[in-house]
Amino acid sequence: MEQEKRYSDMSEFELRQEIAELKEKARKAEQMGMVNEFAVLERKVQMARAYMMTPDDFKPGEIYQIEGDPGQYFKIDYMNGVFAWGYRLKGDGKEEALPISVLTPLK
């Protein structure tokens, strides 16, 4: 079996292809009512998108809106690769990591 390439090793072109394939699989899973499969594929799309972004654009101490989660805000404590570590402002105060692709800067 061929070893799957890590997102961190893919070119932007390969990432775009991967995202297109994942979105198609997610669309089919959603049509077939496979909720869990759909959620997993959506998460993979978020991860692949994160590797097409620039982590330096995300700054510790700043607050970002969480995409797809209206009214939820995330404060970054530190960055580790394409993950922002911090906590949700109205959350339980537990530290968590989110891929940068789900964070939108506040205007």
Side-chain angles (χ1 to χ4, degrees):
M1 196 168 114
E2 183 185 331
Q3 176 70 32
E4 279 209 29
K5 207 169 182 186
R6 297 170 62 169
Y7 292 153
S8 58
D9 296 333
M10 289 184 182
S11 67
E12 185 170 335
F13 176 77
E14 289 171 314
L15 285 166
R16 287 185 191 283
Q17 281 186 310
E18 176 75 2
I19 289 168
E21 288 173 25
L22 289 168
K23 282 184 173 179
E24 179 60 21
K25 287 179 183 173
R27 187 184 65 78
K28 288 179 180 170
E30 187 176 37
Q31 285 177 339
M32 294 169 63
M34 299 163 67
V35 181
N36 292 347
E37 179 74 5
F38 175 76
V40 167
L41 292 164
E42 283 285 289
R43 200 152 294 120
K44 285 184 174 185
V45 168
Q46 292 171 348
M47 286 303 307
R49 280 181 40 226
Y51 281 96
M52 293 173 53
M53 300 174 79
T54 307
D56 291 343
D57 292 346
F58 296 82
K59 306 287 182 223
E62 290 191 7
I63 296 170
Y64 296 82
Q65 183 153 1
I66 301 173
E67 182 183 290
D69 204 348
Q72 283 290 319
Y73 298 95
F74 188 81
K75 184 172 182 179
I76 298 176
D77 285 335
Y78 65 96
M79 296 294 300
N80 186 351
V82 297
F83 285 94
W85 285 83
Y87 57 92
R88 294 172 191 254
L89 292 188
K90 292 180 184 164
D92 55 12
K94 286 198 176 92
E95 184 180 62
E96 65 178 307
L98 294 177
I100 58 176
S101 58
V102 301
L103 299 178
T104 307
L106 297 177
K107 297 287 182 267

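- Salt-bridge formation is detected for the pair E12/R16: a Lys NZ or Arg NE/NH1/NH2 atom is positioned less than 4.0 Å from an Asp or Glu carboxylate oxygen.
- Note: D57 CG to E62 CD = 10.5 Å, rounded to the nearest 0.5 Å.
- The one candidate from R88, Q65, K90 that meets the side chain to side chain contact (heavy atoms under 4.5 Å, CB included) condition with Y73 is Q65.
- A chain of hydrophobic side-chain contacts below 4.5 Å, direct or via other Ile, Leu, Val, Met, Phe, Trp or Tyr residues, connects Y51 to W85.
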Inset, instruction - Please report the C-alpha distance between E30 and R27 in whole Å, then the side-chain angles of each, then the deciding distance to 0.1 Å, and finally whether the salt bridge (charged side-chain N to carboxylate O under 4.0 Å, His left out) criterion is met. - result: CA-CA 5 Å; E30 187 176 37; R27 187 184 65 78; over 6 Å; no
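- Taking CD1 of I63 as the start and CG of L89 as the end, the distance is 4.5 Å to the nearest 0.5 Å.
- Crowding of N36 atom CG: a count of heavy atoms from other residues, nucleotides or ligands under 6.0 Å not exceeding 12.
- Distance check: Q46 CD to L103 CG gives 10.0 Å after rounding to the nearest 0.5 Å.
- With hydrogens and angles disregarded, no donor-acceptor distance shorter than 3.5 Å links the side chain of T104 to the backbone of E67.
- Between E95 and Y78, the closest heavy-atom pair is OE2-CE2, 3.4 Å.
- Closest heavy-atom contact between E42 and A26: OE2-CB, 4.0 Å.
- Contact annotation: the side chain of M53 approaches that of S101 to within less than 4.5 Å [non-hydrogen atoms, C-beta and beyond].
- Atom CE in M34 sits 8.5 Å away from atom CG in L41 (nearest 0.5 Å).
- When all heavy atoms are compared, the tightest approach of A50 to P99 is CB-CB, 4.1 Å.
- Taken from CD1 in I19 to CE in M47, the straight-line distance is 11.0 Å, to the nearest 0.5 Å.
- Going from atom CD1 of I100 over to atom CE of M79 covers 5.0 Å, rounded to the nearest 0.5 Å.
- Under the 4.5 Å side-chain heavy-atom criterion for Ile, Leu, Val, Met, Phe, Trp and Tyr, V82 and M10 are members of the same hydrophobic cluster.
- Residue K28 places its NZ atom among 12 or fewer non-hydrogen atoms of other residues, nucleotides or ligands, all under 6.0 Å distant.
- Between F58 and Y64, the angle of the ring planes lies from 30° to 60°, which puts this pair in the tilted group.
- Tracing side-chain contacts under 4.5 Å through hydrophobic residues (I, L, V, M, F, W, Y), one never reaches L22 starting from V35; they form parts of separate clusters.
- Among R49, E14, E18, the one residue that satisfies the side chain to side chain donor-acceptor pair (under 3.5 Å) test with Y7 is E18.
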